[in-house]
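What follows is a single structure, written as structure tokens, with notes after it.
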Amino acid sequence: VQLQASGGGLVQPGGSLRLSCAVSGFYINNYSLGWFRQAPGKEREFVAAISKSGNTRNYADSVKGRFTIVRDDDKNTFYLEMNSLKPEDTAVYYCAAVLARTTAQAMSLMQKQADLDYWGKGTLVTVSS
């Protein structure tokens, strides 16, 4: 099982990036999926999650309206589209998956970062001029 996050890099404030999380070893169609980040000197925090069906998306308040989580089950990959990036978005970004329970349960686990089934290694996003 592997979740491979990629797409990070250096971007100027106001710029955009798209992170990808390519999954191998299981099919994501039965999983809720999420993105998290850890800034230097801070604890890891929830960023965004999407339900198994794709009909429910949750976001941290700090990224609402700027970030979009997208899933492509055919490609067994999900994405985090990041726009209007700010220096405070600088962090290592991680992707994770949890086997679907009810949507509410899965979203709660994502928010709490609790009992998630799989984690990927991170990709660094640096927002700086």
Side-chain angles (χ1 to χ4, degrees):
V1 170
Q2 186 175 17
L3 282 70
Q4 184 64 54
S6 63
L10 175 63
V11 61
Q12 291 188 342
S16 299
L17 279 177
R18 187 178 79 158
L19 305 184
S20 300
C21 183
V23 177
S24 59
F26 67 94
Y27 293 112
I28 66 172
N29 57 324
N30 284 323
Y31 286 76
S32 295
L33 308 165
W35 287 94
F36 306 82
R37 67 186 182 186
Q38 186 168 21
K42 295 187 177 181
E43 294 186 351
R44 188 176 61 200
E45 64 178 0
F46 166 78
V47 175
I50 187 168
S51 63
K52 179 181 74 167
S53 67
N55 291 332
T56 298
R57 294 182 175 92
N58 287 350
Y59 297 94
D61 289 342
S62 59
V63 307
K64 279 181 183 176
R66 301 187 298 121
F67 290 12
T68 304
I69 186 169
V70 179
R71 63 187 296 152
D72 187 338
D73 290 4
D74 290 338
K75 294 183 178 179
N76 224 39
T77 301
F78 59 108
Y79 307 92
L80 185 67
E81 298 174 346
M82 306 186 295
N83 298 310
S84 302
L85 283 161
K86 305 175 181 179
E88 52 263 43
D89 294 318
T90 295
V92 176
Y93 284 72
Y94 300 89
C95 52
V98 65
L99 188 63
R101 297 157 173 78
T102 65
T103 294
Q105 288 172 337
M107 293 297 104
S108 177
L109 290 175
M110 285 288 181
Q111 292 268 4
K112 296 176 182 177
Q113 304 182 56
D115 296 329
L116 303 184
D117 294 295
Y118 302 113
W119 285 89
K121 294 182 180 179
T123 185
L124 176 63
V125 173
T126 303
V127 184
S128 175
S129 54

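Position 1 is the first residue of the sequence, and the numbers go up from there.
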Check side chain to side chain donor-acceptor pair (under 3.5 Å) between T123 and all other residues, then give those that pass, not counting sequence neighbours.
-> none
In short, disulfide (SG to SG under 2.5 Å) pairs touching residues 26-86 with sequence neighbours left out are none
Any pair counted as disulfide (SG to SG under 2.5 Å), so long as it reaches residues 44-79, sequence neighbours left out | none
Relative to each other, are the rings of F36 and W119 parallel, tilted or perpendicular (30° and 60° limits)?
-> tilted
Can you name the salt bridge (Lys or Arg N to Asp or Glu O under 4.0 Å) partners of D73, sequence neighbours left out?
-> R71
Does the side chain of V23 reach to within under 4.5 Å of the side chain of Y31, using non-hydrogen atoms?
-> no
Taking the side chain as every heavy atom from C-beta outward, state whether L109 and L116 have any pair of such atoms under 4.5 Å apart.
-> yes
Kindly say whether [Y] contributes a backbone atom to a donor-acceptor pair with the side chain of [X] at under 3.5 angstrom?
X	Y	result
N30	K52	no
R101	L99	yes
N76	F26	yes

Checking Y79, F78, Y59 against W35 for ring pair (Phe, Tyr, Trp, His ring centres under 6.0 Å), the one that qualifies is F78
Which pairs with one or both residues in residues 88-97 pass side chain to side chain donor-acceptor pair (under 3.5 Å), sequence neighbours excluded?
-> R37-D89, R37-Y93, R66-D89
Rounded distance (nearest 0.5 Å) linking atom CD1 of I69 with atom OG1 of T56 = 11.5 Å
How many angstroms lie between NZ in K64 and CG in N58, if you round to the nearest 0.5 Å?
-> 8.0 Å
Using a 3.5 Å cut-off and no angle test, enumerate the donor-acceptor pairs between side-chain atoms of residues 10-22 and protein atoms at least two apart in sequence or in another chain.
{"residue": "S16", "atom": "OG", "partner": "N83", "partner atom": "OD1", "Å": "2.8"}

